[in-house]
Amino acid sequence: MRTQILIIGSGPSGLLLGQLLGTIGIETVILERASREHVLGRVRAGVLEQGTVELLEEAGAAARLRAEGLPHSGISLAFDGRLHRIDIEALTSGRHVTVYGQTEVTHDLMDKRDAAGLTTIYKAANVTLHDFDGKAPFATYDKDGVTHRIDCDFIAGCDGYHGVSRKSVPDRALKTFERHYPFGWLGVLAEVPPADHELVYANHERGFALCSMRSTHRSRYYVQCPEGDRVEAWSDDRFWDELRRRLPEQTAASVVTGPSFEKSIAPLRSFVAEPMRFGRLFLVGDAAHIVPPTGAKGLNLAASDVRYLFAGLRDFYRDKSMAGIDAYSGKALARVWKAVRFSWWMTTMLHRFPDTGDFGQRIQEAELDYLVHSRAASTALAENYVGLPY
Ligand code: RFL
Ligand code: PHB
């Protein structure tokens, strides 16, 4: 088989890239290790920047998002026993974020891809990338006991942190940067109305908590938990009790409890691999970088990488220009590092760290107090949260 762009991974970055290229007649094939059901079963991000929504619109995959997504014009920080609202819209000249689950984004993009008759090969095992440092890259994979080969012009590695794309690059060609955080997030999804109409990020002596949502009747909550905690140790009752203890009284009183239908623990880390291009292989989204979820940036960064790569590939096929392709890694990384910084800062400000002591504690309190009382500091948070320019 032959295609123009071979995409590895059918997460949001692979699907969005495929959809955008499809709108201008560039052929793609997606190779996905898991099944379609498995990909759709993952519960992850929930907050979309305005630029991400615009890109989904350009891909023709925003109809349901426009109808069902919840525009949010602010968030609250909870500390000292009360809520402090950050008016994002007022501080960013009218910009907002949209609450719409990653699962729904993936669903919408998959439906569009099916409707356009584009090829996705699920359950592709042992995907191996070949000759991407030359002019004729190809990949091999196993399916139903047979080894197949796909030739292409370029390979887009959209296969997440554990994927094969980054691992195919020789170590000496790659520089990696990593920060580990000594805790995780325990997340719960329940069919109950949210405690607040906006997101609440809580700093509390028992640890961080976040009140989020997927709709007006479905809530997504998180609490910081020790590294290595097992999800089996958290009954629903224990979770609801712990969440309430970390929220201001009034917000805690508004938490409606119910049986959880998803419960999982995610480790927190910052990770960047540079550069994001090797010859005819591009790294995109989580394949190249991971951020802790505190700034809601993971999915949005994947979309911004796709925006740069799409522009580069479009110029290559339309104008025979390599300029956009040559600029991809530099442009993407400049935006990535700003989001890495923002996510690290939000994480540092809002979580309990086991080893920062009383001094670290007072610094955190001073930072939060400064943040909510200084218009300049609140504006810095708001403009990063809503998404920096491309
Ligand atoms: P994805 O979504 O990981 O998709 C990669 C796809 O590649 C497939 N794959 C392979 N296919 C073929 N061959 C191989 N060898 C392959 N190896 C892997 C995988 O099966 C998968 O389908 O990456 P993408 O598209 O770059 O999208 C990035 C986002 O998914 C990610 O940034 C966010 O979900 C991060 N993230 C969160 N971000 C937020 O903004 N807010 C959150 O609350 C949030 N929660 C999370 C998260 C990521 C998590 N992970 C990765 C464990 C919670 C979790 C648990
Ligand atoms: C979510 O709804 O899953 C969510 C929202 C905001 C974050 C992280 C996760 O910062």
Side-chain angles (χ1 to χ4, degrees), residues 6-18 30-49 52 70 72 75 97-103 105-106 109-110 120-129 139-143 155-168 184-189 194 198-201 208 210-215 218-222 262 264-269 271 283-306 336 339 342-343 346-347 350 385:
L6 177 62
I7 297 173
I8 315 298
S10 75
S13 48
L15 288 163
L16 180 56
L17 180 64
I30 298 185
L31 275 183
E32 166 61 51
R33 179 172 59 186
S35 67
R36 184 191 172 101
E37 296 67 42
H38 179 88
V39 174
L40 283 173
R42 293 189 292 226
V43 178
R44 289 183 175 176
V47 177
L48 306 183
E49 293 175 358
T52 304
L70 304 172
H72 280 209
I75 58 168
V97 293
T98 301
V99 171
Y100 190 70
Q102 177 169 333
T103 317
V105 172
T106 309
L109 286 165
M110 279 182 175
T120 304
I121 299 163
Y122 292 101
K123 298 187 184 171
N126 299 323
V127 172
T128 311
L129 312 185
T140 52
Y141 67 97
D142 297 337
K143 183 152 174 142
I155 301 175
C158 304
D159 49 352
Y161 181 73
H162 299 287
V164 66
S165 299
R166 194 183 65 254
K167 288 177 195 144
S168 306
W185 276 21
L186 168 67
V188 155
L189 202 54
E198 291 178 342
L199 271 62
V200 177
Y201 290 83
F208 170 78
L210 170 60
C211 307
S212 182
M213 65 193 75
R214 289 293 174 269
S215 67
R218 182 172 288 189
S219 301
R220 179 73 167 156
Y221 290 108
Y222 298 94
E262 201 273 347
S264 53
I265 294 180
L268 267 66
R269 68 162 84 83
F271 172 86
L283 300 181
V284 185
D286 277 19
H289 41 74
I290 298 286
V291 289
T294 326
K297 288 290 165 238
L299 172 60
N300 292 297
L301 271 189
S304 84
D305 292 353
V306 166
V336 163
F342 177 66
S343 306
M346 286 282 279
T347 303
L350 290 169
Y385 195 82

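All ligand and atom numbering here is 1-based and tracks the order in the structure. All values below were derived from every heavy atom in this structure, side-chain atoms included, with hydrogens, water molecules and symmetry-related copies excluded. Residue numbers run from 1 in the order of the sequence given.
Contacts between Tyr222 and ligand 1 below 4.0 angstrom, taking non-hydrogen atoms only, involve the side chain exclusively. Contacts between Val39 and ligand 1, counted as non-hydrogen atom pairs separated by less than 4.0 Å, involve the side chain only. Only the side chain of Gln102 comes within 4.0 Å of ligand 1, counting heavy atoms alone; its backbone N, CA, C and O stay farther away. Contact annotation for Cys158 and ligand 1: only backbone heavy atoms (N, CA, C, O) come within less than 4.0 Å of the ligand. Only backbone heavy atoms of Leu31 (N, CA, C or O) come within less than 4.0 Å of ligand 1; its side chain stays farther off.
Nearest protein heavy-atom contact of atom 18 (C) of ligand 1 is Asp159 O, 3.1 Å. Among protein heavy atoms, atom 4 (O) of ligand 1 sits closest to Gly11 CA, 3.5 Å. Atom 25 (O) of ligand 1 has its closest protein heavy atom at Ser13 OG, 2.7 Å. With respect to atom 55 (C) of ligand 1, the closest heavy atom belonging to the protein is Ala266 CB, 3.9 Å. Atom 11 (N) of ligand 1 has as its closest protein heavy atom Arg33 N, 3.1 Å. Among all protein heavy atoms, the one lying closest to atom 38 (N) of ligand 1 is Ala45 CB, 3.5 Å. In terms of protein heavy-atom proximity, atom 19 (C) of ligand 1 is closest to Glu32 OE2, 3.5 Å. For atom 31 (C) of ligand 1, the closest heavy atom belonging to the protein is Asp286 OD2, 3.2 Å.
The ring pair (Phe, Tyr, Trp, His ring centres under 6.0 Å) search around Tyr122 returns none, not counting sequence neighbours. Qualifying salt bridge (Lys or Arg N to Asp or Glu O under 4.0 Å) partners for Arg220, counting only residues two or more places apart in sequence or in other chains: Glu262. The ring pair (Phe, Tyr, Trp, His ring centres under 6.0 Å) search around Phe208 returns Trp185, His351, not counting sequence neighbours.
For Glu32 (side chain) and Ser10 (main-chain N/O), a donor-acceptor pair under 3.5 Å exists by modelled atom type. Looking at Asn300, its side chain does come within 3.5 Å of a backbone N or O of Val47 through a donor-acceptor pair. Listed for the Asp142 side chain is no donor-acceptor partner under 3.5 Å among the backbone atoms of Ala125. Thr103 contributes a side-chain N or O that, together with a main-chain N or O of Arg42, makes up a donor-acceptor pair within less than 3.5 Å. Side-chain atoms of Lys167 come within 3.5 Å of backbone N or O of His162 as a donor-acceptor pair.
Using a 4.5 Å cut-off on side-chain heavy atoms (C-beta onward), Arg166 and Tyr161 make contact. The shortest side-chain heavy-atom distance between Val99 and Met213 falls under the 4.5 Å cut-off. Taking 4.5 Å as the limit, every side-chain heavy atom of Val164 sits out of range of all side-chain heavy atoms of Thr128. Looking only at side-chain heavy atoms (C-beta outward), His289 and Asp305 come within less than 4.5 Å of each other.
Taking every non-hydrogen atom of Gly163 and a distance limit under 4.0 Å, the qualifying atoms of ligand 1 come out as 17 (N).
Residue Arg44 has at least one nitrogen or oxygen atom sitting less than 3.5 Å from a nitrogen or oxygen atom of ligand 1, judged on distance alone. Among the atoms of Gly298, some N or O lies under 3.5 angstrom from an N or O of ligand 1.
Selection from Lys297, Arg42, His38 by nearest heavy atom to atom 22 (O) of ligand 1 gives Arg42.
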Derivation of the side-chain contact (heavy atoms from CB on, under 4.5 Å) call for Leu129 and Ile8: CA-CA 10 Å; Leu129 312 185; Ile8 315 298; 3.9 Å; yes

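Of the listed residues (Val39, Val105, Thr106, Ile7), just one forms a side chain to side chain contact (heavy atoms under 4.5 Å, CB included) with Leu15, and that residue is Thr106.
Residues with a heavy atom under 4.0 Å from ligand 2: Arg44, Gly46, Val47, Trp185, Leu199, Tyr201, Leu210, Ser212, Arg214, Arg220, Tyr222, Pro293, Thr294, Ala296.
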